Amino acid sequence: MGDFLTAVSTVSLKSRQNINKPIIEEVISERPKPRTVRKSPASTDEALHILRSSPDQDALHDLLLFLSQPSQQSAGFDIKIPTPSSAKVVNELINTTLPDFWGSDDQTNVLLLDCLRSVAGIGGVLAKLRLSISKCQSARKGVQGSESTQPLSDLTSILLQLISSDSLAENVYDDINRLVESQAKRTLLWKEFLTLVGTGKIIASAAEAEDTVKSAGGQLEPSWLSNGSKYSAWLGRNVCTMLHKTTKDTSTFKAAAQLFGKALGIGYPVRVVEEIHTHITFISPHAGSKLQPMLQSLQAHEQRQLLDQTFKILSKQCLPLMSPPDFDETLTESPSTIVAASATIMELIGNSEAMRSHLETWLSDPALNASESFALRRAAVSAFVHASKGTTNMLEDPIQDLTEKVIKRFGDNLFIKHSPILQQEACAQVLLLLAGYAHRAQPMSLFIMARSSAHLNGMSNRLNSSSPRARFLGMIVGMTISDLVDKPGSKMNFDIDDVKTTEGKWYQRLVKVDDKIGDHTKIKEVFGAKKVRELGPATTSSPHSVKKPIQAKPKPKPLIQEEPQGPRIMEVLDDSEEDDDLVPYAKPDSDPEDEDEDPTMINRDKPKAPVYIRDLMAGLNDSENYDRHSLALKSAAALIRRKSSFGKEVSDHALELASILVGLGDTFDMEDFLELRLQALIAVLVSNPEQMAPWFARQVFDGDYSLSQRTTVLSVLGLGARELAGYKDEDEDLNPKIAATSFPSKQLPERLHRMYTAERNAPVARIASNLERSMIQPMALDAADKMSGPNILKVRTFSSRMEVEKKRKKIIPNALAKIVAEGFFFPLTGRWWQNLQAYGVENVHFQPFLLSTYLKTLSLVLHAAGSGTISLPQMTAEFWELILSVRTNALADVSVLEAVLFATLTLLDMNEDKRRLAEEHSKQLIETQEWVELVFDRVGGGDEEGERIRMLAASVLMKTREVVDKYQRLLVGDLVDY
């Protein structure tokens, strides 16, 4: 029985001077309490016994301290070694120790995380999290509240802190190599770790846990674990940490390559590659020595993906995004960004034949490089040329081989007829750049290629093309190459105004470009400045970054004016001497806020409307202050339009401002949010359409945005094009004022009601309906006029002069016509084909709502450009091919079918030269007529939707039959060879 009592302290009484003093006094001992565990466990079974015996805080602290130290190897066991005994210890820590002791003190939390930071520990915590999610979801019908979700919140927090380190992969890999002796076991254990962190299991589990806690009424802040973009960036930083490790062991680089390959497969490859460049390529002068060992261990498709994502990063963040390029720039000078970008590509290629082959394929295929900027194509050509100079094969010249491939592609008849003009322009630019390098390296090789049948037949195909733009590119390329290889008396020369323009001279100067390879680290300045701006709403901060609180500026002390000393001199005025002509000030208007009985509720610190673009962007980014945010959004359109004509304030911040507005969310549930954002974006587009229109077209396909945001961008392009064409006054009545629409019976909840009414009253759809009526009405009146009898029996009515003046339209100059092709239309159609070739029909752009909006936007742009646009033949060819390519999707959805019919009707209505349609587009005309007849027979009437479709189909049939009947003989002659 004596063993159950332990003496805590002993007190001796030396004197009893005070008889009233108690004999026994409570004394607080300063000595630490004795710990339950006084010696280290000798085996895992003993450690497991201690954990199961309900240890106190001190005993657990001693045990965790021992288990987390590398010195435990002297005892003959380690819980990070995958054995049955260590698995039992880890399981006990997760199932029993964590629920009892997590959060007791920071030191215990750190020791627990150190013990669990292994493959078994991370897998066990993730499995426990999945089990807790299932239990919480099963219990949602019974027990609800924060108590039932607290274990789930704790497990999510534990998992977050367990893997938050950027050196987790390196530490786990070192532990595996240090503790596991068998190479086969090392490989299996590392693959298990890659399966845990590189397959999206953690992202899905964290997202499901957050959703479960929120659904059950608990509180759990969203973390970076559930954000795929930030999680991919974390994996990229782990790869960089492994590569920074100075070692000659090739297995480390192979392990890093395996982790890199897994990270690419999560779905955000650009974020992974961006971290690689941020932490290695752009800061390290010897980046090649760190990247090349890893690149050699990557699979071929992973190497290609790395190069493709590098192209996207360089094009978006480091190189100019002007499309078309700045034709006034001096091409003989090499900008530092292009030189550094070509050096970056060279660092990636190194001695890898697979990477150089993929770069050659990328340059020779316009479908791959046309979507990027000209500056990137220029840097890629320079990198390929300098990388090819070190080739060891003396029997072939890579520059000559690539030039021949591009010449064949440029002059191919099918490529000329069916490729978007965006790809043809990119092909011409690459060809002229390569021709310059080839001529400087071996002039005779370019002379032979200029006399080849591929080049001569290609020039003939170009000159015989019906597209003015295709002929222009053929003449430019033919003249430029002839100027290099032919003698002065026999040079090719087209004495027309098109080749003498600024653009034509710019194309001819491309052969003089001779970029050198510089220092790839010079690009870090440009990359660091534009890194956050061009990526849209996603942030690039580390997972454990904490926002610093903004310190309020101290208010200045009021100046106290001292009263003068001495006698005061006062002037006494007589009331009778007042001037009666002086009118007193009016009484100030009452402030509605002053009527509040509670003075503490009065807000005197009202935000002021922004005056500068920088203030506007700060107000739009402020998601915590409703007054400032709403005021900035309401004044955005007016401020942008006012500032666009003064200075360069809007043009300098146009890209950043557009990125903020496109990615802006309705945080405060504002009533007119969609309308205000749309008007602000239109103002940005109209301020600089040459630069912003291609940028908006790029965001529709390449931007990381939702369906509604992409639809908004399409609406901006359609409405902005109409405003540039002079239809602003006509569209004011149709612009999307989000008005309440009264339903016959019940109404949806307020938020859903506004969302669906806004979608129903979408600006593109409303304007398209108006144009649809304007195009169909003349045909209906003409048909009614023919059915009313002979013209001799009709009574002619004369209109008054006032009525004629009212009907006469005011002629407005069309500022859209000269930029519609390169700025609006070709970027949209070219990127459509690019996206279709890359992803097929299984992509987001084939969603019915987005596809119908896209087709109507192109129709509005074509209509706004007018029938006198110079680029109308080429726009007609590309648009008609696009329309015919979505016939299958149109039959599956009514909204897409309506958009296709409306687009076809607009196309036929804008082409007033019907003979040209019969000569150049006879096949498309016959195909369209047969397909529309099928639609007219298949779609039944009886309802409003069916009648509208049949009316559109009938209008298209009338248009096509009008051309076919009039030029039937011409069509039959052209279709003999079909």
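Since the model is a prediction, treat every value here as computed from it, not as a measurement.
The nearest pair of heavy atoms linking Leu295 to Leu348 is CD1-O, 3.3 Å. Phe410 approaches Ala428 most closely through the heavy-atom pair CE1-CB, 3.7 Å. Contact between Ile517 and Ser382 at its shortest, heavy atoms only, is CD1-OG, 4.1 Å. In terms of heavy atoms, Thr310 sits closest to His277 at OG1-NE2, 2.9 Å. Across Leu717 and Phe824, no two heavy atoms sit closer than the pair O-CE2, 3.7 Å.
Asn911 and His921 form no side-chain donor-acceptor contact under 3.5 Å, judged by distance and modelled atom types alone. No side-chain donor from either of Gln309 and Arg271 sits under 3.5 Å from a side-chain acceptor of the other.
Under the 4.0 Å criterion applied to side-chain N and carboxylate O atoms, Lys500 and Asp498 are not assigned as salt-bridge partners. Salt bridge present: Asp365 and Arg409 bring a charged side-chain N and a carboxylate O closer than 4.0 Å. Salt bridge present: Arg698 and Glu372 bring a charged side-chain N and a carboxylate O closer than 4.0 Å. Salt bridge absent: Arg916 and Glu919 never bring a charged side-chain N and a carboxylate O closer than 4.0 Å. Using a 4.0 Å cut-off between a side-chain N of Lys or Arg and a carboxylate O of Asp or Glu, Asp486 and Arg451 qualify as a salt bridge.
Looking only at distances, no side-chain donor or acceptor of Gln508 sits under 3.5 Å from a matching main-chain atom of Ile476. In terms of modelled atom types and a separation under 3.5 Å, the side chain of Ser452 and the main chain of Met449 share a donor-acceptor contact. Ser445 places a side-chain N or O within 3.5 Å of a backbone atom of Gln442 that can act as its donor or acceptor partner. Checking side-chain atoms of Gln424 against main-chain N and O of Ile416 turns up a donor-acceptor pair under 3.5 Å. In this structure, the side chain of Asp412 does not engage the main chain of Lys408 through any donor-acceptor pair within 3.5 Å. With hydrogens and angles ignored, the 3.5 Å screen pairs a side-chain donor or acceptor of Asn369 with a backbone N or O of Leu363. At least one donor-acceptor pair under 3.5 Å links the side chain of Ser315 to the backbone N or O of Ser373. One N or O on the side chain of Thr361 and one on the backbone of Ser357 form a donor-acceptor pair closer than 3.5 Å. Distance alone, capped at 3.5 Å, places no donor-acceptor pair between the Arg471 side chain and the Leu463 backbone. Judged by distance alone, the side chain of Ser342 and the main-chain N or O of Val339 form a donor-acceptor pair under 3.5 Å.
At a threshold of 4.5 Å between non-hydrogen side-chain atoms, the residues Met355 and Leu359 do not count as touching. In this structure, Glu347 and Leu291 have side chains that are not in contact, with every pair of non-hydrogen atoms separated by 4.5 Å or more. Using a 4.5 Å cut-off on side-chain heavy atoms (C-beta onward), Phe447 and Leu484 make no contact. Glu822 places none of its side-chain heavy atoms less than 4.5 Å from the side chain of Leu422. Annotation: side chain of Trp880 is not in contact with side chain of Ser885 (no heavy-atom distance under 4.5 Å). At a threshold of 4.5 Å between non-hydrogen side-chain atoms, the residues Met479 and Asn493 count as touching. Side-chain contact check for Phe879 versus Thr906: every heavy-atom pair is 4.5 Å or farther apart. Side-chain contact between His386 and Met346: present, with at least one pair of heavy atoms (C-beta onward) separated by less than 4.5 Å.
With values rounded to the nearest 0.5 angstrom, Arg356 atom CZ is found 6.0 Å from Glu360 atom CD. Atoms OG and CD1, on Ser871 and Ile819 in that order, are 11.5 Å from each other to the nearest 0.5 Å. From Asn835, atom CG reaches atom CG of Asp702 across 7.5 Å, with rounding to the nearest 0.5 Å.
Between Trp362 and Phe311, the angle of the ring planes lies from 30° to 60°, which puts this pair in the tilted group. Using cut-offs of 30° and 60° for the angle between ring planes, the Trp832 and Phe846 rings count as tilted.
The cationic group of Arg710 does not satisfy the cation-pi geometry with Tyr854, failing either the under 6.0 Å distance to the six-membered ring centre or the 45° limit from the ring axis. Both the sub-6.0 Å distance and the 45° axial angle are not jointly satisfied by Arg377 relative to the ring of Phe374.
Partners of Ser467 under the side-chain hydrogen bond (donor to acceptor under 3.5 Å, both in side chains) rule, at least two apart in sequence or in another chain, are Gln874. Partners of Ala441 by side chain to side chain contact (heavy atoms under 4.5 Å, CB included), not counting sequence neighbours: none found.
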**Prompt:** So Phe701 and His845, ring-ring contact (aromatic ring centres under 6.0 Å, His included) or not? Walk me through it.
**Reply:** CA-CA 8 Å; Phe701 298 96; His845 299 93; 4.7 Å; yes

**Request:** Step by step, work out the salt bridge (charged side-chain N to carboxylate O under 4.0 Å, His left out) result for Arg469 and Glu503.
**Result:** CA-CA 12 Å; Arg469 189 67 179 175; Glu503 182 183 3; 2.3 Å; yes

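Counting heavy-atom neighbours within 6.0 Å of Lys491 NZ, excluding the residue itself, gives a total above 12.
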